[in-house]
Amino acid sequence: MAERNAGGAAGAAGRAPAADRADAIRNVVLVGHSGAGKTTLVEQLLAASGTIQRPGRVEDGNTVSDFDEVEVRQQRSVNLAVAPLIHQGVKINLLDTPGYADFVGDLRAGLRAADAALFVVSACDGVDGLTKMIWEECAQVGMPRAVVITKLDHQRADFDGVLATCQDAFGDGVAPLFLPVITNGHVNGLIGLLTQKFYNYATGDRAEKEPGPQYAAQLEQYRGDLIEGIIQESEDESLMERYLAGEPIDAVALIGDLEKAVARGGFFPVLCTGLGVGTTEVLELITQGFPSPPEHPMPEITDLSGKPVQDITCNPDGPLVAEVVKTTSDPYVGRISLVRVFSGTLRPDMTVHVSGHGGTERGHEDHDVDERIGTLSCPLGKQQRTIPKGVAGDIVAVAKLSRAETGDTLSEVDRPMCMTAWTMPEPLLPVAIKAKSKADEDKLSQALGRLVAEDPTLRLENNAETRQLVLWCMGEAHTDVVLDRLAKRHGVEVERVELRVPLRETFGGTCQAMGRNVKQTGGHGQYAICHIEVSPLPSGSGFEFVDKIVGGVVPRQFIPSVEKGVRSQMERGVVAGYPMVDVRVTLYDGKAHSVDSSDMAFQVAGQLALKEAASKVPTLLLEPVDELSVLVADDYVGSVMSDLSSRRGRVLGTEPVGQGRTLVKAEVPQLEITRYAIDLRSLSHGTGTFHRSFLRYEPLPPNLAGKVTTTV
């Protein structure tokens, strides 16, 4: 059974809450747009349960979950954080997630670790596009959900308006459990629609009273809709018959059906909070209405060969299956892995198998290693409170797993398993960086390796063509956090440089050219002359070398040398320093010397011949063109298509995808979409996503060719 936690100062930890049974745990992720009040709600729930003495404030930088330097400075969450508490003998792991779109990777990790989601909506601002998208994702997997309307004390608060917005955005099944009683802009209490009681908070403590007659009509209307929704989604036919017959139904029976309806992912209760109001009601819903880990479906599990494993359940006595949902590294503490235990029991000093598969495209090689578990702890802000074990259903922190990365599976050494990774968004904002000094350059590789291991939405590319180090990020805010961590956490200073797009060169016509490499300086000289004809090939053809030498004017052993020299010059380019493609080079004549000709001499002659050809015919720059698939809400399709056209793009067509969304397909030059991840978010109010893939190379318009930064 869970133990009650001792109180402490704001943000300070008392005894670590522990659980021996999976059914005495609730894992709840808080979802909502930035500024909706998720972190503030976590503080209020921690204080209401006695975990901390008083709630901290985001503005003061003293909240439990926003303890990172970046979060304190920016006054917003950028990391997934766990805040455990105890209520009525149940351990509740609150997962506070970032609300900004750049940090959706941590949001997805929170969804994976949780068994239910609490959507936090501001009574002032309503529902944004990202919140609606996450709701739809939860609906696809049947995640139980509830809504908490916050900031009812704000002067712009509109409970009825925001409730209607939620019902419109989230669809059927959204119904309030409580109605706020607001007097002169202050929330005095809540009316429970199931219990038909008025919970008065006017004195600071919760006092139960009968609601006044002025609320009778409103109570009857909302209560009737609520009961019908609960009974319908719980499919309780006997209760439905009693309700239709007009029999009185007690709250106990309704609460039992409420849990069934919520667990099935078809009914979504709405709660509300104000200053010091509503936290007890939220905790009661979590403990009584949300499912425990054994009631939540297990993710797909396979053995290392990919064969599905069917006999795994959320049982502390079962085989160990756990997943690393977040990894952080500290220069002093080392690597800390936040782990959700799905089956079995995790204990200190035990040896586990660490398996990571399916992340090669993001720079995470497949790996299978055995590692020894270090200290187990229960995190609360900066505090890591040691615990003796982590049972199935719980979320714990594991110290010093040197090879484990976010998304890896921990299992028993004699029965290794792998959990199918959750879907992560592709980072689509490229940012080129370079170290500020030689000392920074020496430390950069190791620091970036650590950041990539802990952040699946960060990809590292060392582009051999442009000779640039490129970070692929989710957006500008994500980039700022990554660079800040490089500087503050790892002591590596870098600067951003202009991103180079890998262009190509090709010949715009056919010509003949000679490469003459004749040097007599006394002793062994160089003698090689070759005549070539160059001609362009269709796009995508690559390089073709044709040997038309007759009569041995170029000895047979030196013909490959000419080709090697031509290829070498093509890799370096002849005009702007970009590789040359789609060219046929025909060697048709030449001269050699019996003493001074050599392999190297003819390589140089081949290079000179290609350079001379470039002076005789126009040389074209080719730019890479990507195929873009943009998924956007119907309201923004016109704006997106117009914007793509302004980027020299060709819109290929559109097709409806689900309800209210459209897929726009287009071909757009890479030069025009280096910052499209930022621009699309602005165009679509955060609702648009896109995928890009290389298509082909096309000639760069002459008016742009001169503007491209080149290095010869």
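As the structure is a computational prediction, the values presented were derived from the model and not from experiment.
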Exercise for the section: Output, in order, the C-alpha distance, side-chain angles, deciding distance and verdict of side chain to side chain contact (heavy atoms under 4.5 Å, CB included) for Leu401 and Thr327. Expected result: CA-CA 10 Å; Leu401 283 176; Thr327 308; over 6 Å; no
Problem - Modelled atom types, side-chain donor and acceptor of Ser77 and Thr39, under 3.5 Å - result: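 Present: a donor and an acceptor within the cut-off.
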Exercise for the section: Report yes or no: do Thr51 and Ser49 form a side-chain donor-acceptor pair below 3.5 Å? Expected result: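 Short answer, yes.
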Exercise for the section: Check the pair Leu118, Val282 against side chain to side chain contact (heavy atoms under 4.5 Å, CB included), reporting the backbone distance first and the verdict last. Expected result: CA-CA 10 Å; Leu118 210 55; Val282 173; 4.0 Å; yes
Quick one: do [X] and [Y] make a salt bridge, cutoff under 4.0 Å?
| X | Y | answer |
| --- | --- | --- |
| Asp68 | Lys488 | no |
| Glu426 | Arg459 | yes |
| Arg489 | Glu454 | yes |

List in chain and number order the residues that pass side-chain contact (heavy atoms from CB on, under 4.5 Å) with [X], two or more places apart in sequence or in another chain; answer none if no residue qualifies.
| X | result |
| --- | --- |
| Leu346 | Leu320, Val339, Val341, Met350, Val352, Ile373, Leu376, Val396, Val398 |
| Pro297 | none |
| Ser34 | Arg76 |
| Ile678 | Leu429, Glu476, Arg675 |

Exercise: identify the closest heavy-atom pair between [X] and [Y]:
| X | Y | value |
| --- | --- | --- |
| Cys378 | Ile387 | CB-CG2, 3.8 Å |
| Tyr100 | Leu130 | C-CD2, 4.3 Å |
| Gly491 | Lys443 | O-NZ, 2.9 Å |
| Ser292 | Arg26 | CB-NH1, 3.3 Å |
| Pro98 | Leu80 | CD-N, 4.3 Å |
| Ala48 | Thr279 | CB-OG1, 3.6 Å |

From [atom1] ([X]) to [atom2] ([Y]), nearest 0.5 Å:
| X | Y | atom1 | atom2 | result |
| --- | --- | --- | --- | --- |
| Glu136 | Thr131 | CD | OG1 | 11.0 Å |
| Ile336 | Lys400 | CD1 | NZ | 9.5 Å |
| Lys38 | Leu95 | NZ | CG | 13.0 Å |
| Leu486 | Asp440 | CG | CG | 9.5 Å |
| Leu46 | Leu94 | CG | CG | 6.5 Å |
| Leu177 | Leu271 | CG | CG | 5.0 Å |

Are the side chains of [Y] and [X] in contact, using a 4.5 Å heavy-atom criterion?
| X | Y | answer |
| --- | --- | --- |
| Leu471 | Thr479 | no |
| Val127 | Asp168 | no |
| Thr420 | Pro299 | no |
| Ile149 | Phe159 | yes |
| Thr40 | Pro55 | no |
| Val270 | Cys166 | no |

In chain order, what residues pass the side-chain hydrogen bond (donor to acceptor under 3.5 Å, both in side chains) check against [X], with sequence neighbours excluded?
| X | answer |
| --- | --- |
| Arg485 | Asn79 |
| Thr165 | none |
| Gln384 | Ser377 |
| Asp160 | none |

Whether the side chain of [X] engages the backbone of [Y] through a donor-acceptor N/O pair (distance < 3.5 Å, no angle test) should be reported.
| X | Y | result |
| --- | --- | --- |
| Thr687 | Val632 | no |
| Arg335 | Ser402 | yes |
| Glu495 | Lys436 | no |
| Glu405 | Ala453 | no |
| Thr409 | Met419 | yes |
| Thr150 | Ala36 | yes |
| Asn93 | Ile25 | no |

Exercise for the section: Would you check, one step at a time, whether the test side chain to side chain contact (heavy atoms under 4.5 Å, CB included) holds for Ile286 with Val90? Expected result: CA-CA 10 Å; Ile286 291 174; Val90 175; over 6 Å; no
Exercise for the section: May I ask you to decide if the ring planes of Phe103 and His478 are parallel, tilted or perpendicular, using 30° and 60° as cut-offs? Expected result: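 Plane angle over 60°, so perpendicular.
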Practice task
Report the relative orientation of the aromatic rings in Phe170 and Trp135; use parallel for angles under 30°, tilted for 30 to 60°, perpendicular for over 60°.
Solution key: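 Phe170 vs Trp135 ring planes: parallel.
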Can you list every salt bridge (charged side-chain N to carboxylate O under 4.0 Å, His left out) pair that touches [range], not counting sequence neighbours?
| range | answer |
| --- | --- |
| residues 96-117 | Asp102-Arg681, Asp106-Lys326, Arg108-Glu137, Arg112-Glu323, Asp115-Arg340 |
| residues 269-289 | Arg206-Glu281, Arg206-Glu284 |
| residues 118-132 | Asp125-Arg156 |

Practice task
Kindly state whether the ring of Tyr676 and the ring of Phe690 have centres lying under 6.0 angstrom apart.
Solution key: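 When the ring centroids of Tyr676 and Phe690 are compared, they turn out to be within the sub-6.0 Å range.
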Exercise for the section: Report, as yes or no, whether the 6.0 Å neighbourhood of atom CD on Glu69 holds more than 12 heavy atoms from other residues, nucleotides or ligands. Expected result: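 At most 12 heavy atoms, drawn from other residues, nucleotides or ligands, come within 6.0 Å of this atom.
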Practice task
Please name all residues satisfying ring-ring contact (aromatic ring centres under 6.0 Å, His included) with Tyr199, sequence neighbours left out, ordered by chain then number.
Solution key: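 ring-ring contact (aromatic ring centres under 6.0 Å, His included) list for Tyr199, sorted by chain: empty.
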Problem - Among Lys389, Lys91, Arg21, salt bridge (Lys or Arg N to Asp or Glu O under 4.0 Å) partner for Asp394 - result: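 When salt bridge (Lys or Arg N to Asp or Glu O under 4.0 Å) is applied between Asp394 and each of Lys389, Lys91, Arg21, only Lys91 qualifies.
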Practice task
Mind running side chain to side chain contact (heavy atoms under 4.5 Å, CB included) on Lys434 and Leu469 for me, showing each step along the way?
Solution key: CA-CA 7 Å; Lys434 70 174 183 179; Leu469 189 62; over 6 Å; no
